[in-house]
Trainee: 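The structure's right below; bear with me while I get my questions together.
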Amino acid sequence: MLKSRIITALIMLVLLLAALFGLPTSGWAALVILMTLQASVEWARLSKLTGRAATVYWVATLFIMLSLVWVDASTAVPQLTHLFIYIIAALMWIIVVPTWLIVGWKVENRMLMALAGWAVIIPTGLAMMDLRQISPWLLLFIMCLVWVADSAAYFAGRRFGKNKLAPSISPGKTWEGVAGAMLGVTAYIVLVWSFYQGLAQYAMLPILLLAAWWWVGLAVIGDLFESAIKRQAGVK
C-alpha cells in the first residue's frame, strides 16, 4: 500500500513539475481551473447538492474562475479583487473554521455549505495562479512545505502516535503527528535557508520558521475541518 502510494506520488510529481515549469501562463491557469472544478464537484457532494443544484454550483465556480482570469488579462490593477478574496479566505480559516470545530456545527443549509466551499476552493486556485506568476519556484517551495508537513505527520503519527488530537472528529490524528509535522517543516526550512547566501538570510530564518509553524497550525485546523465535513456528509 505504501509502495504504491510512493510510486503514484512520484509520477504525479513529475507531471506537476512539467506543468509548473513548462506550461505558459494561460496553460497553467487552465490546469488550475480544471482542478478547482474537480474540487467544486467534490464539495457539491459534501454539501449534498444533487442534480441541477450541483451542476449550477460547478458552472458558477467555472464562471468565477474565468472571470478572475479575464480580470487579470484585461485590467492593469486586479490587486483589489484578489485582496478581497484573500481576506475572505483569511477570515474563513482564522475565525470561522476554528469556531466551527469548537462549537461542533452541523450545517444543514446547503447554500451555506456551498458558500463555505467557495471560500475554500476559489482562494486556493487564485493563489496557485498568483504565486506561479511571481515565481514557479515560490509556488513549489510552498507546495513542498505542504508535502513535508503531511508526510512527517503521517510517519510520526504512525510510529509514535498515542495521544489523540480530536478523537470525535478524526480518530487517526494524534499530537505526535503534529509534533512530527513541526519537526519536518523546521528541517525543511533550515535546509532551504542554507542554500541562500548573504547577511539577509540570518534575518529571514526566524521569520520563515515562525511562518512555517503558524502554517502547520492552520494545516491541522484544515485537516480537522475536512474530516468534520466528511463525517457530517457521511463519506469516506
Trainee: If we only count heavy atoms from C-beta on, is the L209 to W193 side-chain gap below 4.5 Å?
Mentor: no
Trainee: Can you measure from CG (L46) to CD (E226) and round to the nearest 0.5 angstrom?
Mentor: 8.5 Å
Trainee: Give a yes or no on whether V41 and V56 share a hydrophobic cluster (residues Ile, Leu, Val, Met, Phe, Trp, Tyr; joining criterion: side-chain heavy atoms under 4.5 Å apart).
Mentor: no
Trainee: Taking atom CE of M128 and atom CD of Q133, what is their separation to the nearest 0.5 Å?
Mentor: 14.0 Å
Trainee: If you count the non-hydrogen atoms of other residues, nucleotides and ligands that lie under 6.0 Å from CH2 in W137, is the total more than 12?
Mentor: no
Trainee: How close do G180 and A152 get, counting heavy atoms only, and between which atoms?
Mentor: O-CB, 3.2 Å
Trainee: State, to 0.1 Å, how close T61 and S40 come at their nearest heavy-atom pair, and which atoms those are.
Mentor: OG1-CB, 3.5 Å
Trainee: Would W93 and F225 count as a close aromatic pair, with their ring centres under 6.0 Å?
Mentor: yes
Trainee: When you compare the side chains of T99 and W105, does any donor N or O come within less than 3.5 Å of an acceptor on the partner?
Mentor: no
Trainee: With distance as the sole test, does W100 use its side chain to make a donor-acceptor pair with the main-chain N or O of M92 at under 3.5 Å?
Mentor: no
Trainee: Is K173 close to S227 at the side-chain level, that is, under 4.5 Å between some pair of heavy atoms?
Mentor: yes
Trainee: Any heavy-atom pair between the side chains of L16 and M143 that's under 4.5 Å?
Mentor: yes
Trainee: If two hydrophobic side chains count as joined below 4.5 Å and joins carry through other members, does L34 share a cluster with L62?
Mentor: no
Trainee: Run the numbers on L49 and W58 for side-chain contact (heavy atoms from CB on, under 4.5 Å), then give the verdict.
Mentor: CA-CA 11 Å; L49 296 176; W58 71 258; over 6 Å; no
Trainee: Please assess M129 against T25 for the test side-chain contact (heavy atoms from CB on, under 4.5 Å), listing each intermediate value before the final yes or no.
Mentor: CA-CA 8 Å; M129 291 189 287; T25 301; over 6 Å; no
Trainee: Give the intermediate values and the outcome of side-chain contact (heavy atoms from CB on, under 4.5 Å) for residues Y86 and L126.
Mentor: CA-CA 9 Å; Y86 291 138; L126 183 61; 3.4 Å; yes
Trainee: Just by distance, do the side chain of W215 and the backbone of V146 share a donor-acceptor pair under 3.5 Å?
Mentor: no
Trainee: CD/E42 to NZ/K230 distance, rounded to the nearest 0.5 angstrom?
Mentor: 8.5 Å
Trainee: In terms of hydrophobic clusters joined by side-chain contacts under 4.5 Å, are M182 and I142 together?
Mentor: yes
Trainee: Applying the side chain to side chain contact (heavy atoms under 4.5 Å, CB included) test to M35, which of L31, I33, L37 qualifies?
Mentor: L31
Trainee: Locate the shortest heavy-atom distance separating T36 from G125; write the atom from each residue and the value.
Mentor: CG2-CA, 3.8 Å
Trainee: Minimum heavy-atom separation for Y57 and A44, please, with both atom names.
Mentor: CD2-CB, 3.9 Å
Trainee: State, with a plain yes or no, whether a side-chain heavy atom of I88 is found less than 4.5 Å away from one of P123.
Mentor: no
Trainee: Compare every heavy atom of A156 with every heavy atom of G177, then report the nearest pair and how far apart it is.
Mentor: CA-CB, 4.3 Å
Trainee: Please give me the minimum heavy-atom distance between G157 and T174, naming the atom from each residue.
Mentor: CA-OG1, 3.7 Å
Trainee: Kindly work out whether a path of hydrophobic side-chain contacts (I/L/V/M/F/W/Y, heavy atoms less than 4.5 Å apart) joins F21 to V14.
Mentor: no
Trainee: Rounded to the nearest 0.5 Å, how far apart are OH of Y188 and CG of L208?
Mentor: 10.0 Å
Trainee: Is there a side-chain contact (heavy atoms from CB on, under 4.5 Å) between V97 and V120 once you walk through the steps?
Mentor: CA-CA 10 Å; V97 171; V120 172; 6.0 Å; no
Trainee: Within this structure, what is the CD1-CG distance for the pair I189 and L205, rounded to the nearest 0.5 Å?
Mentor: 8.5 Å
Trainee: Would V178 end up clustered with I102 when hydrophobic side chains under 4.5 Å apart are linked, directly or stepwise?
Mentor: no
Trainee: Measure the spacing between CG of L68 and CZ of F63 and express it to the nearest 0.5 Å.
Mentor: 10.0 Å
